[in-house]
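FYI, the numbering just counts along the sequence from 1. Computed from a prediction, not measured in an experiment: that's the story for all the values here.
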Amino acid sequence: MKIGILGGTFNPIHNGHLYIAAEAYRQLGLDTVWIMPDGIPPHKGLESNVTRFERIEMCEAAVKSIPYMKVSDTEIRSDGRSYSYLTLTRLKEMHPDDELFFIIGEDSLDMFSSWVHPEIIAKAVTLAVAVRHDDDVVRDTLSMCSQLKAQFGARIELLETEYMDISSSEIRDLLSGGIYPGSLGKLKLSLPAPVLKYIADHRLYGCMKGKKMSPKEDIKPSDFPKIKQDIEKKLEKKLKPSRYTHTIGVAYTAASLAMAHGYPMDVAFIAGLLHDCAKYMSPDELLDFCQKKKIDITTAEKRSPQLLHAKAGAYLAKHEYGIEDEEILNAITVHTTGMPGMSLLDEILFTADYIEPNRDKAKRLTEIRQAAFKNFHLAIQMILSDTIDYLKETGKDIDETTYRTYEYYKEQ
């Protein structure tokens, strides 16, 4: 079998990477191409706070629909520095009868002799070098190939490729300014759609900058304790002790789920704190409040006004607690019924509300708690299924959105 291996930090993986991988597959007649993210690359640090797990998940999202590509976790699962000679030697030992092609750019070829043990790499693999269609570049690359063949006995194949004006550092800079109409066009051209969605869902690279949590300023880590303390003080005065205890439980559970699923912990915590901020109102008061504020009310909510605490809570979070982050406000809005295609924060808050430590009545609670940290969508499906069963058994109204949400997650 002929296997292509494209390594890199992939921080993030972009269409330029996929183009080179596809050209190697086509021009060399490869059977498969492995995308192999670095664990800790020896030559450069990893900019941003993106973890290795997020980088490999972005790679998996990028190649999911490409049948001849797969993601290799060979380097990601190691905690040491990622040296190509070690990785490629190990892969050759694991696949002695296969032909391995290590896919690099012409700039990497120029630096090849300075790599750690280039002679070992040359014995283990054939170098597949992506060369821009430019006479000067091709001439220089051919000269370098001759040198490396003479020096290391390297086997080298050249890939004729077009220049693509895409770089991970420029993408990170673009994302740090926020995903706005002005930047969205360039991002869509540079990133596979599933990768852009993953970045937005997990708020990576500062892409939510400008979507302020409060009207005063973007939240910095140093701001979080004071914001948290102020909200807790207000809530403790408004809510019954049992409701306040539940609220704190949801906030910490949401933060735990955020850590497990790669979402900003402080944002999830604030959403958890405010999810029941309207629960001090009675059902009649909630109905009256929503009517006065011109908040949309469904038929099910008219029959069961207590459901309106979610929509009223989102309104209060914005107008009384100063929260402007649309993700937080939407998560509060849908935390009782759910909705098809929830965002990651929506899913975190919806689940945290059900499994927080003070809950003890629901069936399968222990199993759902375990699933929430292992198979998130399964946990959500179980919550919805059990919720619908409970509402049917007790004769309570079921919002149509809950049915649709259950069907959506069952399909997932």
Side-chain angles (χ1 to χ4, degrees), residues 200-204 206-221 223-236 238-239 243-280 295 307-359 369 372-373 376-377 379-380 383-384 401 405:
D201 286 348
H202 293 77
R203 300 169 77 122
L204 303 183
C207 71
M208 300 303 288
K209 184 179 179 182
K211 294 192 175 182
K212 300 176 181 179
M213 192 182 289
S214 76
K216 297 177 183 178
E217 59 182 350
D218 290 320
I219 296 301
K220 307 180 191 71
D223 299 327
F224 178 63
K226 179 67 165 57
I227 293 170
K228 169 180 172 291
Q229 187 178 53
D230 289 346
I231 294 175
E232 287 175 349
K233 283 182 179 179
K234 289 182 182 178
L235 289 173
E236 194 169 15
K238 288 207 167 212
L239 302 177
R243 179 59 54 185
Y244 180 72
T245 299
H246 163 72
T247 292
I248 296 301
V250 171
Y252 279 101
T253 304
S256 299
L257 288 169
M259 285 189 282
H261 298 291
Y263 190 86
M265 181 180 66
D266 53 350
V267 179
F269 192 96
I270 294 297
L273 272 183
L274 290 171
H275 83 288
D276 273 356
C277 65
K279 273 283 192 174
Y280 65 89
I295 295 171
L307 293 173
L308 288 169
H309 80 274
K311 291 178 179 178
Y315 183 93
L316 291 174
K318 182 173 184 177
H319 296 281
E320 187 171 321
Y321 293 88
I323 301 299
E324 291 193 347
D325 190 306
E326 291 299 326
E327 280 201 15
I328 293 178
L329 299 177
N330 191 71
I332 295 171
T333 300
V334 305
H335 84 268
T336 54
T337 62
M339 63 177 285
M342 288 188 283
S343 73
L344 181 53
L345 180 59
D346 296 341
E347 293 175 341
I348 286 170
L349 184 58
F350 178 82
T351 305
D353 187 34
Y354 196 88
I355 69 170
E356 65 95 0
N358 299 290
R359 298 285 199 188
R369 282 172 174 150
F373 290 90
F376 203 18
H377 283 179
I380 293 170
I383 291 170
L384 288 161
T401 307
T405 306

Please test Ile323 against Lys318 for side-chain contact (heavy atoms from CB on, under 4.5 Å), starting from the C-alpha separation and ending with a verdict.
CA-CA 4 Å; Ile323 301 299; Lys318 182 173 184 177; 5.6 Å; no
Residue pair Phe376, Ile348: steps toward the side-chain contact (heavy atoms from CB on, under 4.5 Å) verdict
CA-CA 9 Å; Phe376 203 18; Ile348 286 170; 4.0 Å; yes
Walk me through it: do Glu347 and His377 pass the test side chain to side chain donor-acceptor pair (under 3.5 Å)?
CA-CA 8 Å; Glu347 293 175 341; His377 283 179; 2.9 Å; yes
Determine, step by step, whether Leu384 and Phe350 satisfy the side-chain contact (heavy atoms from CB on, under 4.5 Å) criterion, reporting the C-alpha distance in whole Å, the side-chain angles of both residues, the deciding distance to 0.1 Å, and the verdict.
CA-CA 10 Å; Leu384 288 161; Phe350 178 82; 3.6 Å; yes
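The side chain to side chain contact (heavy atoms under 4.5 Å, CB included) search around Glu320 returns Lys238, Leu316, not counting sequence neighbours. In this structure, Lys234 has no side chain to side chain donor-acceptor pair (under 3.5 Å) partners at least two apart in sequence or on a different chain. Scored by the ring pair (Phe, Tyr, Trp, His ring centres under 6.0 Å) test, His309 finds His335 as partners (sequence neighbours excluded). Checked against salt bridge (charged side-chain N to carboxylate O under 4.0 Å, His left out), Glu232 has the following partners two or more places apart in sequence or in another chain: Lys228. The side chain to side chain donor-acceptor pair (under 3.5 Å) test applied to Asp346 returns Asn330, Ser343, not counting sequence neighbours. Tyr263 is linked by a side chain to side chain donor-acceptor pair (under 3.5 Å) to Arg203, Glu327, counting only residues two or more places apart in sequence or in another chain. For Ala379, the side chain to side chain contact (heavy atoms under 4.5 Å, CB included) partners are Ile368, Ala371, Ala372, not counting sequence neighbours. Residues meeting the side chain to side chain contact (heavy atoms under 4.5 Å, CB included) test with Asn358, sequence neighbours left out: Thr245, Glu356.
Between atom NE2 of residue His275 and atom CD1 of residue Ile328 there is a gap of 14.0 Å, rounded to the nearest 0.5 Å. Atom CD of Gln229 sits about 11.0 Å away from atom CD1 of Ile231, to the nearest 0.5 Å. Between atom NZ of residue Lys311 and atom CG of residue Leu329 there is a gap of 14.5 Å, rounded to the nearest 0.5 Å. The distance from the OH atom of Tyr315 to the CD1 atom of Ile332 is 14.5 Å, given to the nearest 0.5 Å. In this structure, CG in Leu349 is found 10.0 Å from CG in Leu257, a value given to the nearest 0.5 Å. Atoms CD1 and OG1, from Ile383 and Thr405 in turn, are 12.0 Å apart once rounded to the nearest 0.5 Å.
Listed here is the closest heavy atom pair of Ala317 and Cys277: N-SG, 4.2 Å. When all heavy atoms of Ala271 and Leu345 are compared, the closest pair comes out as CB-CD1, 4.2 Å. The heavy-atom pair separating Ala352 from Ala254 by the smallest distance is CB-N, 3.6 Å.
Within 6.0 Å of atom CE in Met339, more than 12 heavy atoms from other residues, nucleotides or ligands are found, so the atom counts as buried in its surroundings.
Screening residues 243-261 for salt bridge (Lys or Arg N to Asp or Glu O under 4.0 Å) gives Arg243-Asp276 as the qualifying pairs, with residues at least two apart or on separate chains. Sorted by first then second residue, the side chain to side chain donor-acceptor pair (under 3.5 Å) pairs that include residues 251-260, not counting sequence neighbours, number zero.
At distances below 3.5 Å, not a single donor-acceptor pair connects side-chain atoms of His261 with backbone N or O atoms of Ala258.
At least one side-chain heavy atom of Leu273 sits less than 4.5 Å from a side-chain heavy atom of Ile248.
Partner Lys279 forms a side chain to side chain contact (heavy atoms under 4.5 Å, CB included) with one of Leu239, Thr247, Leu235 and no other, that one being Leu239.
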